[in-house]
There are 2 protein chains.
Amino acid sequence: MSRTSYLDVKAVILGRIRSGELAPGDTVPGEAALAGEFGCARVTVNRALRELAGAGVVERRRRAGTRVLDPTPRDAAVEVPSVRAEIEATGAEYRYELLARRIAVPPRQVRAALGLGPRARALHLRCRHWAGASVHQIEERWINLDVVPAARKVDFAATGPNDWLIRAMPLSRVEHVFSAANANAAEAELLGLAPGAAVFVVERRTWIDGRAITRARLVHPGATHRLVARTQSPL
Amino acid sequence: MSRTSYLDVKAVILGRIRSGELAPGDTVPGEAALAGEFGCARVTVNRALRELAGAGVVERRRRAGTRVLDPTPRDAAVEVPSVRAEIEATGAEYRYELLARRIAVPPRQVRAALGLGPRARALHLRCRHWAGASVHQIEERWINLDVVPAARKVDFAATGPNDWLIRAMPLSRVEHVFSAANANAAEAELLGLAPGAAVFVVERRTWIDGRAITRARLVHPGATHRLVARTQSPL
DNA sequence: GAGTGGTCTAGACCACTCA
DNA sequence: GAGTGGTCTAGACCACTCT
């Protein structure tokens, strides 16, 4: 019998969170209990939980124990808050609007981003997010139905795909690509801007276990949108 | 006598790197040696060095030991490569151009960003970075001379402020704010774009020990510039 | 083969925080 | 006061990699 590694402990706890056995807000068993369960030293459990805390998956406090955190904003090096939270923090009212929903063969570029074959179909959504009376973001999203078959049955009329995916596929990996562009006619129309106005574009891809979940193109009015990235290296 | 903490070890090693006693490329003494020097257990040294490696300050390999890394791209959550490296990676020729250098009282916003009083003076630089025949970036920079007095004597004719600061003040903390805008007349002129073209704007602030070193506003042509941010949380 | 980091164990004490 | 995480020690074995 081989010894238990902190990586094993980490993987098991992460698995319990992914599966829902441990839900956000739940308290993870104490280090001593887990050490007993895994038959390893307490330090080993400590390291596993410490790294999960560093990754933002759980929160640890002395007397209170270890709790599972909401899987909301912790998954990016850059702070990309949930659209709703970001807007409501400014005091404006958040409103979500679904403009289109269909299942279709994505354009070549999107197929490549999602790792799909030439004739594979995916779920396409076009949404608009409002902050009060002005448009905060338009969203062009493709969801890989091979990885998230459950999305096929969701209508996304009331809940945006991002909020839904965060719950359905927690703890995924994210890549963001930022750029600036002049709004084309369609974008300007949807955003309520003059054609040619500067827009801030975010392209977001999400993976779980190496499989691409979704690809979103998020377009913001350039005049108002800013994105902050802070170094948090523990020096 | 109190016990030595891994934080003490970390701070001392970091201090030796900051002071230049350990230069990039140097090998840090082995764990056993440091444990002897600090009079602590080897695991304590191990944790200190492991965290420094996680922060990108050093690199560790089994047989080879622990080496101090170049302080170049490791200080941001977002990969913000050095301008030179980014351009040369594409095969284009990098050229740096200093447009203006003066010591003056910065505008109010910059004073606030640098934590300067109403009449404090700072070093102002305006630079342009070329990728082959096209402009890659224009740079509007203020340097806090209270924190970096050595900059007063540097002419920045050949070396850009970013390259110089990386060597002069290694291991600093960074904040980036990204946004999109339409180029104004002056920016369009310097960038070789039509007025109103979309530009990608990065505002970068850097600190060391809680004191603001510098503030730069970097403006890129929106059509070509993209910025990638990947999550690297060790799940 | 030898040297360096990587990790585990068992036991201990401390620090924080809640009741 | 009691329970939980935070950390240190001392010793051990393993894994990788360079010579």
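Small disclaimer: the values here were computed from a predicted structure and weren't measured.
Computed from coordinates, the B:Asp8 CG to D:dT9 P distance equals 10 Å when rounded to whole Å. Across the protein-nucleic acid pair, A:Glu51 atom CD and D:dG5 atom C1' stand 16 Å apart, rounded to whole Å. With rounding to whole Å, A:Glu59 atom CD is found 13 Å from D:dG5 atom C1'. In this structure, the CZ atom of B:Arg50 is 9 Å from the C1' atom of C:dG6, given to the nearest Å. Across the protein-nucleic acid pair, A:Tyr6 atom OH and C:dG5 atom P stand 16 Å apart, rounded to whole Å. In this structure, A:Glu31 atom CD and C:dT9 atom P are separated by 13 Å, rounded to whole Å. Across the protein-nucleic acid pair, A:Leu49 atom CG and D:dG6 atom P stand 9 Å apart, rounded to whole Å. The distance from atom CG of B:Leu52 to atom C1' of C:dG6 is 16 Å, rounded to the nearest whole Å.
Side-chain proximity of B:Ala41 to D:dT9, C:dT9, D:dG6: nearest is D:dT9.
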Between protein and nucleic acid, restricted to nucleotides 13-17 of chain C and to nitrogen or oxygen atoms under 3.5 Å apart, what atom pairs and distances do you find?
residue, atom, partner, partner atom, Å
C:dA15, O4', A:Arg62, NH1, 3.2
C:dA15, N3, A:Arg62, NH1, 3.2

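Neither OP1 nor OP2 of D:dC8 sits under 4.0 Å from any side-chain N or O of B:Thr4. Note on A:Thr44: a side-chain N or O is less than 4.0 Å away from OP1 or OP2 of C:dT9. When the side-chain nitrogen and oxygen atoms of B:Asn46 are compared with OP1 and OP2 of C:dG6, one or more of them lie within a distance under 4.0 Å. For D:dG5, one of the phosphate oxygens OP1 or OP2 lies less than 4.0 angstrom from a side-chain nitrogen or oxygen of A:Thr66.
Under a cutoff of 6.0 Å and an axis angle of 45°, A:Arg84 and A:Tyr94 do not form a cation-pi pair. A cation-pi contact, defined as under 6.0 Å to the ring centre and within 45° of the axis, links A:Arg95 to A:Trp130.
Applying the salt bridge (Lys or Arg N to Asp or Glu O under 4.0 Å) test to residues at least two apart or on different chains, the pairs with a partner in residues 20-32 of chain B are B:Arg16-B:Glu21, B:Glu31-B:Arg42, B:Glu31-B:Arg60.
Annotation: salt bridge (Lys or Arg N to Asp or Glu O under 4.0 Å) contacts of B:Arg67 (sequence neighbours excluded): B:Glu59. Listed by chain and residue number, A:Trp164 satisfy the ring pair (Phe, Tyr, Trp, His ring centres under 6.0 Å) test with A:Phe156 (two or more places apart in sequence, or in another chain). With sequence neighbours excluded, the residues forming a salt bridge (Lys or Arg N to Asp or Glu O under 4.0 Å) with A:Arg217 are A:Glu187, A:Glu203, listed by chain and number.
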Dot-bracket for DNA chain C, please. Rules: Watson-Crick or G-U, both distances under 3.5 Å, ( ) within the strand, [ ] when a pair crosses earlier ones, | for another strand, . otherwise. ||||||||||||||||||.
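With 3.5 Å as the limit, one finds a donor-acceptor pair spanning the side chains of A:Thr214 and A:Arg141. With hydrogens and angles left out, the side-chain atoms of A:Arg204 and A:Asn162 include a donor and acceptor closer than 3.5 Å.
Residues A:Ile13 and A:Leu34 have side chains in contact (heavy-atom distance under 4.5 Å, counting atoms from C-beta outward).
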